[in-house]
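Below is one structure; the comments refer to it alone.
Scope of the values below: all heavy atoms of this structure, side chains included, with no hydrogens, waters or symmetry mates.
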Amino acid sequence: MARKVVKTKMKRETYNLPVVLEKYEDGFYVAECPLFEGCYTQGKTIDEALRNIEEVIDLVLEEKDNRALLKNYRPESVGLHTVSISLTA
């Protein structure tokens, strides 16, 4: 007797997450998602760094606490600002 397989479509939500990119002296780009602790990576190009951070975010979201954090993440806007500081040598 053939068994009938029923596929259900799971509801998928799309989230826009903040990612900070910095270029370092060695030419590599470091990408970080500040929403999750320890969520960072690097790449030789901006595109590579962005692809890598998407993979890291997928791994981070395997943890239940991070998925819960994401479900409650609803910012009205996200901005990035830089400040200059002076230190005495």
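For the side chain to side chain contact (heavy atoms under 4.5 Å, CB included) test, residues two or more places apart in sequence or in another chain that qualify with Lys44 are Phe28, Glu48. Looking at residues two or more places apart in sequence or on another chain, you find a side chain to side chain contact (heavy atoms under 4.5 Å, CB included) between Leu69 and Leu35, Phe36. In this structure, the side chain to side chain contact (heavy atoms under 4.5 Å, CB included) partners of Asp47, at least two apart in sequence or on a different chain, are Thr45, Arg51. Residues that satisfy the side chain to side chain contact (heavy atoms under 4.5 Å, CB included) test with Ala31, not counting sequence neighbours, are Val19, Leu21, Thr41, Ala49, Ile53.
Here the options are Ile46, Leu50, Asn52, the test is side chain to side chain contact (heavy atoms under 4.5 Å, CB included), and the partner is Tyr29; only Ile46 passes.
Within the structure, the side chain to side chain donor-acceptor pair (under 3.5 Å) test picks out the following pairs touching residues 65-76 (sequence neighbours left out): Glu13-Arg74. Legend: salt bridge (charged side-chain N to carboxylate O under 4.0 Å, His left out) pairs involving residues 16-25, not counting sequence neighbours: none detected.
To the nearest 0.5 Å, atoms CG (Leu17) and CG (Leu61) are separated by 7.5 Å. Rounding to the nearest 0.5 Å gives a distance of 13.0 Å between CD of Glu32 and CD of Gln42.
By the neighbour-count criterion of 12 heavy atoms within 6.0 Å, atom CG of Asn16 is sparsely surrounded, having that number or fewer from other residues, nucleotides or ligands.
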List the atom pairs, with distances to 0.1 Å, where a side-chain N or O of residues 77-89 and a protein N or O form a donor-acceptor pair under 3.5 Å, not counting sequence neighbours.
none

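Listed by chain and number, the hydrophobic cluster partners of Val30 are Tyr24, where partners are ILVMFWY side chains within reach of under 4.5 Å, directly or through others.
Leu70 and Leu59 fall into different hydrophobic clusters, where Ile, Leu, Val, Met, Phe, Trp and Tyr side chains are chained together by heavy-atom contacts under 4.5 Å.
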